Each structure stands twice: as structure tokens, then as C-alpha cells.
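Presented below is the structure to which this report refers.
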Protein chains: 2
Amino acid sequence: MAARTYTSKTAESSDKVSVICRALRRAIIEQALEPGAKLPEDSLGERFGVSRTIARHALGQLAAEGLVELRRNRIAVVATPSWQEARDAFDIRIELERLVVRQLAGKLTKPQIAELTAHVDAEDRARNGTDAVSIRLATEFHILLAHMTNSPILVRYVSEVAYRCCLTLSLYSRPHSSECAINEHRAIIAALVKGDVDKVMGLMHSHLDSVATRALVAPSPQRGRDLLDILAPYADAATGV
Amino acid sequence: MAARTYTSKTAESSDKVSVICRALRRAIIEQALEPGAKLPEDSLGERFGVSRTIARHALGQLAAEGLVELRRNRIAVVATPSWQEARDAFDIRIELERLVVRQLAGKLTKPQIAELTAHVDAEDRARNGTDAVSIRLATEFHILLAHMTNSPILVRYVSEVAYRCCLTLSLYSRPHSSECAINEHRAIIAALVKGDVDKVMGLMHSHLDSVATRALVAPSPQRGRDLLDILAPYADAATGV
DNA sequence: ACAACCCGAACTGCATGCAATTCGGGCGAT
DNA sequence: ATCGCCCGAATTGCATGCAGTTCGGGTTGT
């Protein structure tokens, strides 16, 4: 396949808006902002030295990405995906990332391999640091892979869905053990270099599936969901009496 | 699988913004707005009876979906995807829609089957109408399928990528023959009802693949691309002399 | 005839202001 | 003490205004 051209035609309109988006995205995936955290336009604007108009626009973008929930006349909050949505996000992510490695298998350049290896090394070093950084690096490994396809659309979708998955991890899995994930990342790189398409697609599938099932063990109604949902069965019982 | 709850947690913030988005989306996929068409904030605001602020916000959302291109200090224009981006979009679409039918196979309810059949009948009747309507209906069939998964995330991604594909069709394939697509839609419904997962995934794959290859026959540098790209060989020749 | 230049109109980038709505705490009734 | 109500503060929804940039056509020089 002919080399593709880099067209950095990202949506991310003006600079100020995209700066806020990036900052919030990072804060969210590092769990500095937990699901449900309030995001008033005023505070955001003040914090970033811009007017509400800009903060508002940024919130709109993040809402389009599913990281923020916007309800009319209500303060924006960090999204709180349901368990089912989390599972759906992982299902989509698996398909998208299988596509990534399918396109990449056997086509990585030397510098790309070096970059990936360096990234995983960084993940390794971060194992002693905070969980937040480990999670971010693990996510960024997948986004880095997507970038190497040179397909802006694929990058966008993989990034988005990876961020969403990150968000759900912070909701449904407290004791995060990213230990084995690092080895899985190394295995994926090796298979990519070797060019074994089926192997690497299988590796990616099982890698993401294991991350998902490790985190999303059960519908766990006690965590994250609305009070209404938690109380639904009790309400039913009440009407039954 | 237990029935999922409908949570219409769509991003689409306020009403006015989403109204404009819907209108523009429709105009774009019906080719009333061709790729490259200018979308000044003022005109949009005036046309929809809102201020520039709102029109601007809507453009931001559409840019996030990839239907509009936003460049700093420049008038927004309807997106003009490159041939490669079009191909990438179709590749992603294939995977996503395979996921849709995988989840749906053998699980359709009677009213759902009726709704799908009715939709294809509508496509049939529209064969005598304008191309624009045919294209829109064909796209909406796929989005209707996605809706039936009750997965908001999947709906969003399938819709987005389907719109993008629609956009590229208007760019790279003038003589649109959606004739056979209708029969393929019927075949997909039949396989879904029968519950043959592999069969329906295969059908969807070949359906989308044929739509893509029928449209994107070749990189076709003459259509849609930048003037710079078209003139590149001539420039080379000039420097050669 | 042609190209470069220049200037006004058009347009975007952003902040601010005002009306409408929601949020949250205190007060009174039970 | 608890529940419901009410009112002020906080917040959003949106339009408008101003400054900076781009766009396009006319003019001028060659």
C-alpha cells in the first residue's frame, strides 16, 4: 500500500477550545475528575482564563465524545456510563482495535517499533507510580497504535472509545492491576513485527476482553448507577404488596 | 440477554443546536449541500432564527462528527474527505455493522421485523424518486438496524460513519445505482430473522464492500481533491522541463 | 493584457450582558 | 424532629458587540 499523507484535519476547532478539551480529557482519564463530577462553565472558564462561551463550547465537544453529560439548564458532569454501556464500549473497541492491528501487522517501520517499545518501557517504569499514570499510559499505547495506521478516522474512533473505556474502568474497577497488561502489550508488538495477522488480531481481542472482564466482573448495581435503578426492585416489591 | 433500558442520553445538548445539526446533516446526506459548500455562521443563524453563537456551536458538533471542516478564521465548509479517508471510513463501517448484525441475529422482535420490512418497502417506492431520497433511505436502514441493538454508543458510531460514507458517495460516485442494495437489505433481514449469525455477518460485509467498491472504483484524482493534488503531476512535468 | 497591491466588506474569535431556570439552605407547619 | 415551601445565590441559554483576520474586487503599475 502506498504511504498515506498526514492530514491533521482534526475537528478540534480553535486552540483555546481544544486546550480545554485536552486538559479535561486527561483529567478524566487520570481520574482526577471522577464520574459525576460537576463542571460549571464559569469555573472552567476562570480556571483556563477564557470566557464561558469557550468553556461551553469545549463541554459540547466532550459531550459529543461521550465523556461529559449535558442536560438542559443543568451543570455539566463527567459522564457516568451504565454497566451495559461500558460492555458495549468494549465490544466496539475490540472490533476497532482488531482493525488497527490487522492494518499494521508486518507493516511497522523500525522507528515505529522503537517508539512502541519505548512506550511500553515507560509503562513498565510507571508501575511504581500512581495508578492514574499507569492507566493513562496503557490507554495511550492503544492510541499510539491507532496513530500508526495513518487513518485519522480510525484514530478518532479508537481514541474516543478508549477514553470511554478508561472512564468506565474508574467506575467499576477500583483495584486496578495493569501488571499483566504490559506483557500483553509486548506480545502484541512482537506479533505485529512478525507480521502474523491472525495471531495479532487474536492477541488484541483477548487482551481487551481480559481487561474488560477483569474490570466489568458483574453488573454490580451498587456502584455508579442511579439511585432510581438501585431502588427499582424494591419499588416493584412495594407495589406488589 | 436481558432487555436493555432506553436511555436517550444523546450528546445533542440544547434543542436549538440539535435542530440545526439535524437539518444540516440531512441536507448534507441528501446532497443539497455538496462537499466544499460554505457554511457562514451568520447565514446559518439567520436561516434558523438564532444567533451566531448557536450556529457556531452546531458547526462545532458537526465538525466533531467529521461532516464539516473548521479552519481557524475561515468559513466552515462541508467536509471533502480524501479517497483514502473514504476507504478507511468504509472499513470501519464494515466492522461496526458486522457487530450490529451479530448482536441482532435471531433476536429481532416481530414489530422490529415489521419496521425493517416497511422501511425497505419505502426504499422500493423511492426508487422512482430522486437519488437524494434513495441514498438517505438506504443510509437510514443501517441506522435503524443500529438502533435496534439498544446500544447508544453503537448507534452513535454507526450513524456517524454512515453519514461520512454517504458524504463520500456524493463525492466519488455520480451515477448512483442503489437498485441492488435494496435486495441486499432484504436478504440481510431474512438472515437476521433466521438467526444465522455467520451468514448475516457475511452478507453485511459483502453488502457494504460492494457499495464501497462500486463507488470508490479508483483513487480518481480528478474528482473532489484539492486543486493542488490535481495539478501535482503537471507541476512535476514543469520542473522536469 | 497581466500581475501585484490595496482597501473595504464579510466573517470569525471571543467576551460580556441579560433573562430564565435550577440549586440549596433556612424557615415555618405539622 | 421531620417534611415541605420559599427565596436568594448560582448557573445556564442565548444574543449582541467589538477586535482581528480573511476574502474579493477594483486599481495601478508594468
Side-chain angles (χ1 to χ4, degrees), chain A residues 8-24 33-64 67-80 226-228 231 235 238, chain B residues 8-24 33-65 67-80 226-228 231 234-235 238:
Chain A
S8 104
K9 241 194 250 175
T10 46
E12 298 294 304
S13 54
S14 66
D15 260 5
K16 293 192 180 180
V17 171
S18 61
V19 163
I20 298 180
C21 282
R22 262 193 297 275
L24 288 183
L33 288 172
E34 296 189 354
K38 291 181 182 178
L39 302 169
E41 298 173 358
D42 285 328
S43 325
L44 253 53
E46 192 181 0
R47 178 66 190 77
F48 288 99
V50 299
S51 81
R52 277 202 311 123
T53 307
I54 306 306
R56 182 181 183 76
H57 201 87
L59 286 173
Q61 297 292 306
L62 292 172
L67 290 183
V68 159
E69 279 170 27
L70 243 35
R71 276 153 49 202
R72 189 177 177 85
N73 285 324
R74 295 253 175 3
I75 302 179
V77 296
V78 176
T80 306
D226 278 348
L227 196 61
L228 276 173
L231 293 182
Chain B
S8 107
K9 242 195 250 175
T10 46
E12 299 292 306
S13 54
S14 67
D15 261 2
K16 293 192 179 181
V17 170
S18 61
V19 164
I20 298 180
C21 282
R22 262 193 297 275
L24 288 183
L33 288 172
E34 297 188 354
K38 291 180 182 177
L39 302 169
E41 297 172 0
D42 285 328
S43 326
L44 253 53
E46 192 181 0
R47 177 67 188 78
F48 288 99
V50 298
S51 81
R52 277 202 311 122
T53 307
I54 305 305
R56 183 181 183 76
H57 201 87
L59 287 173
Q61 298 291 306
L62 292 172
E65 298 174 19
L67 291 183
V68 159
E69 279 169 27
L70 242 36
R71 275 152 50 201
R72 191 179 177 82
N73 285 326
R74 294 253 177 1
I75 302 179
V77 295
V78 176
T80 306
D226 278 348
L227 196 61
L228 276 172
L231 293 182
Y234 299 92

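Chain A is the first sequence line, chain B the second, and so forth, proteins listed ahead of strands; every chain is numbered from 1. A quick note: this is a predicted structure, and the numbers were derived from the prediction, not measured. Because only heavy atoms are used, hydrogens play no part in the values below, and waters and symmetry mates are left out as well, while side chains stay in.
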To the nearest angstrom, how far is [X] atom [atom1] from [N] atom [atom2]?
X        : N       : atom1 : atom2 : value
Leu44(B) : dT12(C) : CG    : C1'   : 14 Å
Asp42(A) : dA15(C) : CG    : P     : 13 Å
His57(B) : dG13(C) : NE2   : C1'   : 16 Å
Phe48(B) : dC14(D) : CZ    : P     : 15 Å
Glu46(A) : dT11(D) : CD    : P     : 11 Å
Glu41(A) : dC14(D) : CD    : P     : 11 Å
Arg56(B) : dG13(D) : CZ    : C1'   : 17 Å

Listed by chain and number, what are the side-chain contact (heavy atoms from CB on, under 4.5 Å) partners of Thr53(A), not counting sequence neighbours?
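side-chain contact (heavy atoms from CB on, under 4.5 Å) check on Thr53(A) returns Ser51(A).
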Who are the side-chain contact (heavy atoms from CB on, under 4.5 Å) partners of Leu44(B), not counting sequence neighbours?
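By the side-chain contact (heavy atoms from CB on, under 4.5 Å) rule, Leu44(B) matches Leu24(B), Leu39(B), Ala55(B), Leu59(B).
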Nearest atoms (heavy-atom pairs only) where Leu70(A) meets Ala63(A)
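Smallest interatomic distance, heavy atoms only, reads CD2-CB, 3.7 Å.
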What does the B/S/- profile of nucleotides 16-25 of chain C look like, 5' to 3', with a 4.0 Å heavy-atom cutoff to protein?
BB---SSSS-
How many angstroms lie between atom [atom1] of [X] and atom [atom2] of [Y], to the nearest 0.5 angstrom?
X        : Y        : atom1 : atom2 : answer
Ile20(B) : Asp15(B) : CD1   : CG    : 11.0 Å
Gln61(B) : His57(A) : CD    : NE2   : 7.5 Å
Leu67(B) : Cys21(B) : CG    : SG    : 9.5 Å

